[in-house]
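Note sheet for the following structure.
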Amino acid sequence: MARQTPKSQLLRTRTGRRRFMAWFGAAGLGTATAVFAQSTPAAAAGQCLCCNLAHCPANTSMSYCQAHQNYEWSCRVCSGGACVTCLCCEANGNSLSALDCRPT
C-alpha cells in the first residue's frame with residue numbers, strides 16, 4: 001500500500017517552492033538589471049533598447065535600410081533629464097536593422 005503525504009505537508013512544500021522561485025526570480029531580475037543596465041539614455045539607445053530591433057546591434061546602415069525598408073519608426077528615451085530620440089528601421093523581412101539616435 002502506498003504511503004500518502006499529509007495535505008498540510010504538501011501545502012508547506014508548495015509554499016516553500018513558490019517562495020524559493022519568487023526569490024530566485026527577483027534575484028535573477030536584480031542581477032540582469034545590474035549587468036545590463038546603462039547609465040545614460042544614449043548608451044541605452046546604443047544597445048537598441050529603445051528601438052527593440054530584430055537584430056541588435058544594428059547590422060546595416062540607416063541609408064540602406066531606409067531605401068529598402070519594411071518598417072520605420074521613432075522612439076524616445078530619457079534618463080536623469082537627458083533624452084535621445086531614435087529613428088529605427090527594419091528591412092528585407094526584418095533581416096536587416098538600423099538605428100540613428102540623437103540627443104533631444
Side-chain angles (χ1 to χ4, degrees):
M1 190 161 132
R3 285 183 63 197
Q4 292 185 349
T5 306
K7 192 173 185 179
S8 62
Q9 187 177 358
L10 284 174
L11 185 59
R12 238 179 302 145
T13 303
R14 288 180 186 159
T15 304
R17 188 177 306 135
R18 284 187 198 130
R19 285 186 184 152
F20 171 75
M21 292 308 288
W23 174 86
F24 187 75
L29 182 61
T31 302
T33 300
V35 170
F36 297 112
Q38 302 293 328
S39 59
T40 65
Q47 294 297 319
C48 309
L49 297 177
C50 171
C51 284
N52 195 23
L53 296 173
H55 296 279
C56 186
N59 60 359
T60 192
S61 68
M62 181 56 83
S63 59
Y64 182 87
C65 192
Q66 286 178 320
H68 300 87
Q69 72 177 339
N70 290 76
Y71 307 102
E72 187 174 317
W73 68 100
S74 64
C75 61
R76 186 171 189 229
V77 63
C78 299
S79 177
C83 297
V84 293
T85 299
C86 297
L87 181 60
C88 317
C89 178
E90 292 188 338
N92 294 351
N94 296 343
S95 65
L96 299 173
S97 300
L99 75 151
D100 181 23
C101 297
R102 298 172 188 245
T104 54

Does the D100 side chain pair with the main chain of L87, one donor and one acceptor, at a distance under 3.5 Å?
no
Taking the side chain from H55 and the backbone from N94, do they hold a donor-acceptor pair closer than 3.5 Å?
yes
Return the CG to CG distance between N70 and L96, rounded to the nearest 0.5 Å.
9.0 Å
E90 CD to T60 OG1 distance, which is reported to the nearest 0.5 Å:
11.5 Å
Would you indicate whether C50 and C101 have their SG atoms under 2.5 Å apart?
no
C51-C86 sulfur separation below 2.5 Å?
no
Kindly indicate whether the side chain of N92, heavy atoms from C-beta on, has any atom under 4.5 Å from the side chain of Y64.
yes
Testing the basics here: between A58 and S97, what is the closest heavy-atom pair and its distance to 0.1 Å?
CB-O, 3.4 Å
If you take all heavy atoms of L53 and C88, which pair is closest and at what distance?
CD2-CB, 4.2 Å
